[in-house]
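Below you'll find the structure, written out as structure tokens, and then a few comments.
Below, read A as the first sequence line, B as the second, and so on, with proteins coming before strands; counting in each chain starts at 1.
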Protein chains: 2
Amino acid sequence: MESLDRQILALLAHDGRMSYTDIGRETGLSTSAAQQRVRRLEQRGVIKGYRAVIDPASIGAMLTAFVQIQPFAADQPDDTPELVSHIPQIVSCYSVAGETSYLLKVQAGNTVELEHLLAEIRAAGKVSTNTTVVLSIPYEERSMLPEPHSARLSNGRATEAEPDVAG
Amino acid sequence: MESLDRQILALLAHDGRMSYTDIGRETGLSTSAAQQRVRRLEQRGVIKGYRAVIDPASIGAMLTAFVQIQPFAADQPDDTPELVSHIPQIVSCYSVAGETSYLLKVQAGNTVELEHLLAEIRAAGKVSTNTTVVLSIPYEERSMLPEPHSARLSNGRATEAEPDVAG
DNA sequence: TCTGAAATTGTTTGTGG
DNA sequence: CCACAAACAATTTCAGA
């Protein structure tokens, strides 16, 4: 019976401000049943929050880049994420396997600002950096869940055996 | 006067379901003025949408990875993003400068599924891949905008000369 | 571009199955 | 876990500045 929850997650991933009334309509539930399910998904931590998606260029972030990070001292306590987390231009921080230790996604207004930002990261994190500039973004942070078609044509059966929504 | 818009963007980046009533309270505007500003930000494309943030593990995505992509044929029309966009596990696609042409962020349930996913990407996109597995995510997709403190202590003046919100 | 008020719509809670 | 209905709260629209 959890394809209902997946359906709700897909709807809210696509439109985080959709009303419970509309969620109910789309899923065939009453408003209050829809609201109860959403509340349970929030309490279980399945829904971690809601965000407005903001056009980066509109807030002066013309440049996006990925920065591969290698700490200088391999024996030191490795707290790179905390050392650089105060820098607002760092929007994501991933600990990764492979040739480097961390991968950061950063945003800057222009190349000069990016240059300063990289210097700041190297200084604050005691790391070396290897930066890849993003040229364009065909798509970003889509939901893995199938896009909800407004018209209810198909049944809710999953096409393959997949794990149910877990809390 | 656009520090008001930046403040609203910061609030909605942090909580995409915040009510216009609360936005008005935080910014010192009336409810309808807050709503009008949000509507204008949406119409100008500054706010591109709203999303629920979903815990990946809850929908069976235990593994996140970054896949560097190199097309086989350098002379072919390069439509890699379209060739692979139908694969739901690819959540982001970046065109990048540097040694490779594209960077994908992907999600899979386990290593075997990741292996199949990479084979699918190589086949669909006519590309070679170089994959970096994510071990943990200290933080992800934060807003560059300053986090709104609920208590109104500071004035709205920017600390540096920054571009105003543009449409 | 704002306020304030009125009309509409959505949310929340309780009762009961 | 669901539906229904009543009480409450938010949204939307409009007049006026």
Side-chain angles (χ1 to χ4, degrees), chain A residues 1-55 58-59 145 148 150 152 155-158 163-167, chain B residues 1-55 58-59 145 148 150 152 155-158 163-167:
Chain A
M1 202 2 89
E2 299 324 1
S3 84
L4 262 176
D5 280 339
R6 293 185 85 88
Q7 210 181 330
I8 290 172
L9 291 177
L11 289 166
L12 285 173
H14 181 253
D15 176 7
R17 278 184 90 94
M18 179 175 275
S19 72
Y20 302 125
T21 305
D22 287 344
I23 293 170
R25 233 192 296 286
E26 291 289 327
T27 56
L29 291 170
S30 67
T31 302
S32 52
Q35 193 243 29
Q36 283 169 38
R37 275 186 180 265
V38 172
R39 190 171 45 72
R40 272 176 244 133
L41 289 167
E42 289 168 352
Q43 285 175 345
R44 280 190 265 153
V46 176
I47 295 175
K48 298 204 291 184
Y50 301 88
R51 293 207 192 124
V53 181
I54 293 164
D55 174 46
S58 298
I59 55 174
L145 298 165
S150 181
R152 312 278 80 222
N155 60 24
R157 183 174 48 80
D164 274 343
V165 173
Chain B
M1 199 2 88
E2 298 324 357
S3 83
L4 262 177
D5 280 340
R6 293 184 84 87
Q7 209 182 329
I8 290 171
L9 292 177
L11 289 166
L12 285 173
H14 181 254
D15 176 7
R17 278 185 90 95
M18 179 175 276
S19 72
Y20 301 125
T21 306
D22 287 345
I23 293 170
R25 234 192 295 287
E26 292 290 328
T27 55
L29 292 170
S30 67
T31 301
S32 49
Q35 194 242 31
Q36 284 169 37
R37 274 185 181 267
V38 171
R39 191 172 43 73
R40 273 177 244 134
L41 288 167
E42 289 168 353
Q43 285 175 346
R44 279 190 265 153
V46 176
I47 295 174
K48 298 203 290 181
Y50 301 89
R51 294 208 191 125
V53 182
I54 293 163
D55 175 45
S58 298
I59 55 174
L145 298 165
S150 180
R152 311 280 82 221
N155 60 23
R157 184 175 49 81
D164 274 342
V165 172

Given atom [atom1] of [X] and atom [atom2] of [N], what is their separation to the nearest angstrom?
| X | N | atom1 | atom2 | result |
| --- | --- | --- | --- | --- |
| B:Asp5 | C:dT1 | CG | C1' | 11 Å |
| A:Met18 | C:dT9 | CE | P | 18 Å |
| B:Arg25 | D:dA10 | CZ | C1' | 11 Å |
| A:Asp22 | D:dA10 | CG | P | 19 Å |
| B:Ile23 | C:dC2 | CD1 | C1' | 16 Å |
| A:Arg37 | D:dC1 | CZ | C1' | 7 Å |
| B:Leu4 | C:dT1 | CG | P | 11 Å |

**Request:** Give the C-alpha distance, both sets of side-chain angles, the deciding distance and a yes or no for side-chain contact (heavy atoms from CB on, under 4.5 Å) between B:Gln35 and B:Arg40.
**Result:** CA-CA 9 Å; B:Gln35 194 242 31; B:Arg40 273 177 244 134; over 6 Å; no
**Asked** When you look at A:Tyr20 and A:Gln36, which way does the side-chain hydrogen bond (donor to acceptor under 3.5 Å, both in side chains) test go after all the steps?
**Response** CA-CA 9 Å; A:Tyr20 302 125; A:Gln36 283 169 38; over 6 Å; no
**Prompt:** Are OP1 or OP2 of C:dC2 and a side-chain N or O of B:Arg40 less than 4.0 angstrom apart?
**Reply:**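 Looking at the OP1 and OP2 atoms of C:dC2, one of them is under 4.0 Å from a side-chain N or O of B:Arg40.
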**Prompt:** Is B:Thr21 near enough to D:dT11 that one of its side-chain N or O atoms lies under 4.0 angstrom from OP1 or OP2?
**Reply:**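 Answer is yes, contact under 4.0 Å.
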**Item:** Sugar-phosphate only, base, or nothing, as touched by B:Ala33 at under 4.0 Å among non-hydrogen atoms
**Value:**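 Result for B:Ala33 = base.
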**Request:** Would you indicate whether the side-chain heavy atoms of B:Gln7 and B:Leu4 approach each other to under 4.5 Å?
**Result:**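 Yes. Closest side-chain heavy atoms under 4.5 Å.
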**Fill in**
Scoring nucleotides 12-17 of chain D by protein non-hydrogen atoms under 4.0 Å (B base, S sugar-phosphate only, - none) yields SB----
**Message:** Against A:Leu12, only a single residue in A:Leu9, A:Ile8, A:Asp15 fulfils side-chain contact (heavy atoms from CB on, under 4.5 Å); can you say which?
**Reply:**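 Between A:Leu12 and the candidates, side-chain contact (heavy atoms from CB on, under 4.5 Å) is satisfied uniquely by A:Ile8.
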**Item:** Partner of B:Arg25 under side chain to side chain donor-acceptor pair (under 3.5 Å), chosen from B:Thr27, B:Asp22, B:Thr21
**Value:**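 One option only clears the test, and that one is B:Asp22.
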**Request:** Given side-chain contact (heavy atoms from CB on, under 4.5 Å), test A:Ile54 with B:Leu41 step by step and report yes or no.
**Result:** CA-CA 9 Å; A:Ile54 293 164; B:Leu41 288 167; over 6 Å; no
